[in-house]
Amino acid sequence: MRDAATGLPGLVFVLATPDDVADHAASWFARFSEEARTEHGYVAMALSGGSTPRATYERLAAPPYRDSIAWLDWMVFFGDERAVPPGDPRSNYHMANETLLSRVPIPPERVHRMEAERPDLEAAADEYASILEDTLVRGPGGAPRLHCIQLGLGENGHTASLFPGTPSLDVVDRWVVPSEADYDPRLRLTITFPLINAAETVVFLVTGANKGPALRGVVEGTVPAARVQPRQGTLLWFIDGAALNAMRAAG
Ligand code: 6PG
């Protein structure tokens with residue numbers, strides 16, 4: 001199903017500004033958390049890195065959401081991680097911990113960090129995949145089924161650390177793999193499309209005119225993020241007007 005106004009797949013919420021995106025996304029995550037908790041008894045959420053989600057995470061870590069969301073029932077995973085220590089400011093875990101995880105009472109044992117700082121990234125990828133398999137029920141294609149995966153969109157149309165022209169795009173039999181970015185830190189761990197597309201819900205947060213061409217690439221199917229097509233799930237976009245206008249101008 002495509003959104004008639006934008007041509008993007010799934011359901012699209014267009015907000016005026018990045019702050020409005022963060023406000024609406026935070027409200028949506030709070031509602032989603034309660035729905036998932038009611039349906040499943042817990043909330044299996046995968047967070048992205050990058051800068052866009054910071055504002056949403058900060059809102060979730062402040063009143064009213066800090067005090068209303070059932071954090072004790074959350075289970076946190078990551079969509080990708082850079083090959084740097086967790087204390088490195090470039091780490092996705094570091095960003096999520098700074099803006100959200102250190103401020104809300106999610107039990108530490110239920111925060112599953114990708115150990116991308118390890119020398120053996122293949123072993124780290126396989127161990128993370130095992131955590132997903134041991135923790136979650138199986139979804140379409142036999143992949144572990146996350147309740148929600150929050151993703152960003154790079155200017156070149158990558159998502160997670162699934163970059164154009166890399167072998168990670170074509171993996172069909174693994175949930176987590178080492179990958180390589182076209183900017184530092186280059187070495188990464190990333191979830192794969194089979195895992196993403198087994199999720200119950202996938203939510204993109206995209207703001208800024210610089211993301212217009214990448215959104216156009218999603219519409220036209222020419223960028224990696226276009227391969228996000230949940231097999232038995234919902235795809236949502238929270239985008240701002242600047243990104244939408246730039247997408248239309250790129251068309
Ligand atoms: C990463 C992210 C990546 C990010 C996009 C968008 O490790 O960098 O997981 O996929 O979501 O690059 O990044 P911004 O939100 O900073 O534009």
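Start at 1 and go down the list; that is how both ligands and their atoms are numbered.
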Peer 1: With sequence neighbours excluded, give me every salt bridge (Lys or Arg N to Asp or Glu O under 4.0 Å) pair touching residues 138-158.
Peer 2: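 Residue pairs passing salt bridge (Lys or Arg N to Asp or Glu O under 4.0 Å), neighbours aside: E133-R138.
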
Peer 1: Report all protein residues having a heavy-atom distance below 4.0 Å to some atom of ligand 1; order the list by chain, then number.
Peer 2: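 Only G49, G50, S51, T52, D80, R82, N92, G152, L153, G154, H158, T159, A160, Y183, R188, K211 have heavy atoms that fall under 4.0 Å of ligand 1, ordered by chain and number.
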
Peer 1: Give every residue pair that meets the salt bridge (Lys or Arg N to Asp or Glu O under 4.0 Å) criterion with at least one member in residues 226-251, sequence neighbours excluded.
Peer 2: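 Checked against salt bridge (Lys or Arg N to Asp or Glu O under 4.0 Å) - neighbours excluded - the pairs reaching residues 226-251 are D170-R227.
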
Peer 1: Between F29 and Y57 (judged by ring centroids, cut-off 6.0 Å), do the two rings come close enough to count as a pair?
Peer 2: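 Not under 6.0 Å, so no.
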
Peer 1: Report the relative orientation of the aromatic rings in F163 and Y183; use parallel for angles under 30°, tilted for 30 to 60°, perpendicular for over 60°.
Peer 2: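 Geometry flag for Y183 against F163: perpendicular rings.
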
Peer 1: Please verify the inter-ring angle class for Y42 with H147; under 30° counts as parallel, over 60° as perpendicular, anything in between as tilted.
Peer 2: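 Ring orientation, 0 to 90° scale: tilted.
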
Peer 1: Not counting sequence neighbours, which residues clear ring-ring contact (aromatic ring centres under 6.0 Å, His included) with F32? List them please.
Peer 2: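 For F32, the residues satisfying ring-ring contact (aromatic ring centres under 6.0 Å, His included) (neighbours in sequence not counted) are W28.
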
